[in-house]
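For reference, the structure discussed in these notes is given below.
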Amino acid sequence: MLSNKRIKELELVMEFEEVEECFKEVSSWIENVGRKRLKETINLDDSLEMLLQAQKQFKEFDLVASEYCRRGQEALKKVDQWEDFSSVDVHSYRVKLQTYRDQLEEFCNQLDETRHRVCETVRLYEFFDKVRQAICCTEEGVK
């Protein structure tokens with residue numbers, strides 16, 4: 001039984017090393033590209049035209065970022081069975097796995113929040129633009 005358990009742990013370590021390349025690629029993209037692009041969307045422009053342009057650019061980024069999130073989540077699913085092992089040899093891999101999981105979860109949450117914020121900001125600006133147009137039409141009607 002101990003031998004079988006040890007063999008299973010070694011198989012998991014080999015599998016982790018295969019999946020780790022994916023983790024490293026996703027992690028690198030998040031740190032070098034993803035976080036920077038999310039920070040760029042913090043200050044949205046004051047005009048509706050500029051905001052719509054920023055929304056279009058964000059949607060393009062969002063497609064790429066969502067693909068990286070999906071790839072990271074698929075890689076994490078491949079090593080979900082690690083939770084069942086508590087050996088000291090597997091512990092360092094579990095720590096790495098948790099670090100990747102935390103980083104991916106944080107980035108995906110930030111992406112979702114930014115997506116929502118951009119969408120709501122555009123809707124708000126469109127509403128204000130309609131109100132402004134209605135006020136202008138009303139003023140012209142009064143004159």
Side-chain angles (χ1 to χ4, degrees), residues 1-140:
M1 287 176 63
L2 287 174
S3 176
N4 287 343
K5 183 178 177 182
R6 184 67 180 151
I7 289 171
K8 183 66 176 171
E9 287 175 356
L10 291 173
E11 288 172 352
L12 287 174
V13 168
M14 290 173 24
E15 183 179 345
F16 181 82
E17 289 173 355
E18 291 173 14
V19 175
E20 188 174 28
E21 286 304 312
C22 180
F23 289 144
K24 285 180 180 178
E25 181 183 343
V26 170
S27 178
S28 175
W29 185 89
I30 287 172
E31 291 303 318
N32 298 322
V33 178
R35 291 194 194 281
K36 291 177 185 176
R37 290 290 304 269
L38 283 179
K39 286 179 184 177
E40 291 173 5
T41 61
I42 288 175
N43 298 321
L44 297 171
D45 292 314
D46 290 338
S47 73
L48 181 58
E49 288 179 27
M50 296 299 287
L51 188 58
L52 289 171
Q53 184 179 356
Q55 182 186 35
K56 181 183 176 189
Q57 291 172 350
F58 178 77
K59 284 183 179 182
E60 293 169 2
F61 163 74
D62 187 28
L63 288 172
V64 175
S66 294
E67 176 62 21
Y68 275 97
C69 288
R70 184 192 60 75
R71 287 176 53 201
Q73 289 164 347
E74 285 179 2
L76 287 173
K77 285 180 185 176
K78 290 180 182 178
V79 290
D80 274 345
Q81 55 195 329
W82 281 68
E83 302 301 322
D84 300 336
F85 290 91
S86 59
S87 110
V88 174
D89 296 333
V90 177
H91 180 72
S92 64
Y93 293 98
R94 288 178 64 199
V95 169
K96 283 183 181 181
L97 182 62
Q98 189 60 45
T99 301
Y100 289 128
R101 180 176 282 124
D102 292 345
Q103 180 192 38
L104 182 65
E105 184 177 316
E106 178 189 359
F107 178 76
C108 292
N109 288 338
Q110 288 175 347
L111 183 64
D112 288 341
E113 290 169 8
T114 303
R115 183 184 307 118
H116 178 72
R117 185 173 51 82
V118 168
C119 181
E120 289 300 309
T121 304
V122 168
R123 285 182 47 203
L124 184 63
Y125 270 73
E126 288 172 339
F127 172 75
F128 284 137
D129 194 52
K130 288 178 184 178
V131 169
R132 185 184 53 76
Q133 288 174 1
I135 290 172
C136 289
C137 290
T138 304
E139 286 176 352
E140 286 179 21

Next on the checklist: For Tyr100 and Lys24: C-alpha separation, side-chain torsions, deciding distance, then whether side-chain contact (heavy atoms from CB on, under 4.5 Å) applies.
Outcome noted: CA-CA 9 Å; Tyr100 289 128; Lys24 285 180 180 178; 3.7 Å; yes
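- Gln133 contributes atom CD, which lies 4.5 Å from atom CG of Asp129 (distance to the nearest 0.5 angstrom).
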Next on the checklist: Determine whether His116 and Asp112 satisfy the following criterion, side-chain contact (heavy atoms from CB on, under 4.5 Å), listing intermediate values before the conclusion.
Outcome noted: CA-CA 6 Å; His116 178 72; Asp112 288 341; over 6 Å; no
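- Using a 4.0 Å cut-off between a side-chain N of Lys or Arg and a carboxylate O of Asp or Glu, Glu120 and Arg117 do not qualify as a salt bridge.
- Once rounded to the nearest 0.5 Å, the distance linking CD of Glu74 with SG of Cys22 reads 8.0 Å.
- How far CG of Asp102 is from CG of Leu97: 9.5 Å, rounded to the nearest 0.5 Å.
- At a threshold of 4.0 Å, the pair Glu25-Arg71 counts as salt-bridged, since one of the basic side-chain nitrogens sits closer than that to a carboxylate oxygen.
- Looking at Glu126 and Leu52, their side chains come closer than 4.5 Å, going by heavy atoms from C-beta outward.
- Here the closest heavy-atom approach between residue Leu104 and residue Val26 is recorded as CD1-CG1, 4.1 Å.
- In terms of heavy atoms, Glu31 sits closest to Lys36 at O-CE, 4.4 Å.
- To the nearest 0.5 Å, the span separating CG on Leu124 from SG on Cys119 amounts to 11.5 Å.
- For Glu113 and Asn109, the side-chain atoms include no donor-acceptor pair closer than 3.5 Å.
- Put simply, the side chain of Ile30 does not reach to within 4.5 Å of the side chain of Tyr68, judged on heavy atoms.
- One finds a salt bridge joining Arg70 and Glu67 here, because a Lys/Arg side-chain nitrogen approaches an Asp/Glu carboxylate oxygen to under 4.0 Å.
- The distance from the NZ atom of Lys8 to the CD atom of Glu15 is 7.5 Å, given to the nearest 0.5 Å.
- Side-chain contact check for Phe107 versus Leu38: some heavy-atom pair is nearer than 4.5 Å.
- Remark: Tyr125 OH to Glu49 CD distance equals 13.0 Å, nearest 0.5 Å.
- When every heavy atom of Leu111 is checked against every heavy atom of Cys69, the shortest pair comes out as CD2-SG, 4.2 Å.
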Taking distance alone, no hydrogens or angles, what donor-acceptor pairs closer than 3.5 Å link side-chain atoms of residues 58-65 to residues at least two apart or in another chain?
| unit_1 | atom_1 | unit_2 | atom_2 | d |
| --- | --- | --- | --- | --- |
| Asp62 | OD1 | Ser66 | OG | 3.2 |
| Asp62 | OD1 | Arg115 | NE | 3.4 |
| Asp62 | OD1 | Arg115 | NH2 | 2.8 |
| Asp62 | OD2 | Arg115 | NE | 2.7 |

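- A search for side-chain hydrogen bond (donor to acceptor under 3.5 Å, both in side chains) contacts involving Lys96 returns Glu20, not counting sequence neighbours.
- For Gln55, the side-chain hydrogen bond (donor to acceptor under 3.5 Å, both in side chains) criterion is met by no residue, not counting sequence neighbours.
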